[in-house]
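Reading through the structure tokens given below for one structure.
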Amino acid sequence: QVQLVESGGGLVQAGGSLRLSCAVSRPTSSSYIMAWFRQAPGKEREFVASISWSGRIADYADSVKGRFTISRDIAKNTAYLQMNSLKPDDTAAYYCAVSWGTRWPPVKYDSWGQGTQVTVSS
């Protein structure tokens, strides 16, 4: 069974940086798109960033453009989210997701991780 495991969350002061990782084990498909979502308390889950199978194409939510960078290491089945200039509004549980196949943009996401908490203090 496929498993997505996020890591790298924590507590950081405003203006600081964190790097999240998402490792995929036992993937259902040999190629897939990866993405990050987040959910703050009392709010709906929202899209943060996604990256194509090749890694050449990335998409970002307007709220994180210029501050966050998504990347991936295909050989390691791992995606990363480098978060710089963090703001208190970035506080949320961050979830990794995969969409099997290479269709871009993806229609849906098929598997999800359990999430990692990011807390940004002011």
Side-chain angles (χ1 to χ4, degrees):
Q1 184 176 355
V2 63
Q3 188 174 20
L4 281 66
V5 179
E6 301 99 333
S7 61
L11 174 64
V12 64
Q13 288 188 332
S17 299
L18 282 175
R19 189 194 194 205
L20 305 183
S21 299
C22 172
V24 182
S25 58
R26 297 183 293 278
T28 301
S29 172
S30 59
S31 57
Y32 47 92
I33 291 165
M34 298 188 74
W36 289 95
F37 289 77
R38 66 186 181 186
Q39 186 168 20
K43 295 186 178 181
E44 294 187 353
R45 187 172 297 188
E46 64 175 0
F47 169 80
V48 175
S50 58
I51 188 165
S52 64
W53 166 243
S54 67
R56 297 191 187 100
I57 305 173
D59 190 24
Y60 297 92
D62 288 343
S63 59
V64 306
K65 281 181 180 177
R67 300 188 298 122
F68 291 11
T69 302
I70 189 171
S71 61
R72 68 187 300 169
D73 185 330
I74 295 175
K76 295 183 178 180
N77 289 334
T78 300
Y80 306 95
L81 186 68
Q82 178 66 43
M83 305 185 294
N84 299 329
S85 302
L86 283 162
K87 306 174 182 179
D89 284 348
D90 295 318
T91 295
Y94 282 71
Y95 298 89
C96 177
V98 298
S99 177
W100 304 121
T102 59
R103 179 174 180 170
W104 184 268
V107 176
K108 63 179 177 68
Y109 288 91
D110 304 293
S111 298
W112 296 80
Q114 293 300 307
T116 185
Q117 180 66 35
V118 171
T119 302
V120 184
S121 63
S122 56

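Numbers for residues simply follow the sequence, beginning at 1. Quantities reported herein were computed from a predicted structural model and do not represent experimental measurements.
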Side-chain donor-acceptor distances from residues 11-26 under 3.5 Å, at least two apart:
unit_1: Ser17; atom_1: OG; unit_2: Asn84; atom_2: OD1; d: 2.9
unit_1: Ser25; atom_1: OG; unit_2: Gln3; atom_2: O; d: 3.4
unit_1: Arg26; atom_1: NE; unit_2: Gln1; atom_2: O; d: 2.7
unit_1: Arg26; atom_1: NH2; unit_2: Gln1; atom_2: O; d: 3.2

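Within the structure, no pair that satisfies the disulfide (SG to SG under 2.5 Å) test touches residues 66-95, not counting sequence neighbours. Residues in residues 85-109 take part in these salt bridge (Lys or Arg N to Asp or Glu O under 4.0 Å) pairs, two or more places apart or across chains: Arg38-Asp90, Arg67-Asp90, Lys108-Asp110. Pairs engaging residues 36-76 under the disulfide (SG to SG under 2.5 Å) rule: none recorded [sequence neighbours left out]. Residue pairs that meet the salt bridge (Lys or Arg N to Asp or Glu O under 4.0 Å) test with at least one member in residues 72-86, sequence neighbours left out, do not exist here. Sequence neighbours left out, not one pair with a member in residues 44-95 passes disulfide (SG to SG under 2.5 Å). Sorted by first and then second residue, the ring-ring contact (aromatic ring centres under 6.0 Å, His included) pairs with a member in residues 99-122 read Tyr32-Trp100, Phe37-Tyr109, Phe37-Trp112; sequence neighbours excluded. Counting only residues at least two apart or in different chains, disulfide (SG to SG under 2.5 Å) contacts with residues 43-75 are absent.
Heavy atoms only, all atoms of each residue included: Ala92 and Gln39 are closest at CB-O, 3.4 Å. The minimum heavy-atom distance between Gly9 and Thr116, with the atom names listed, is N-OG1, 3.2 Å. For Leu4 against Ser111, the heavy-atom pair with the smallest separation is CD2-O, 3.8 Å.
Linking Ile, Leu, Val, Met, Phe, Trp and Tyr residues whenever their side-chain heavy atoms come within less than 4.5 Å leaves Tyr95 and Leu86 in two separate clusters. Under the 4.5 Å side-chain contact rule for hydrophobic residues, Ile74 and Leu81 share a cluster.
More than 12 heavy-atom neighbours from other residues, nucleotides or ligands sit within 6.0 angstrom of CD on Glu46.
In terms of the side chain to side chain donor-acceptor pair (under 3.5 Å) criterion, residue partners of Lys65 (sequence neighbours excluded) are, by chain and number, Asp62. Residues passing the side chain to side chain donor-acceptor pair (under 3.5 Å) test with Ser54 are Ser52, sequence neighbours excluded.
Remark: Thr102 OG1 to Ile33 CD1 distance equals 6.5 Å, nearest 0.5 Å. Interatomic distance, CH2 of Trp36 versus CZ of Phe47, reported as 13.0 Å (0.5 Å rounding).
The shortest distance between side-chain heavy atoms of Thr69 and Tyr80 does not fall below 4.5 Å. You'll find the side chain of Glu6 stays beyond 4.5 Å of the side chain of Tyr94, heavy atoms only.
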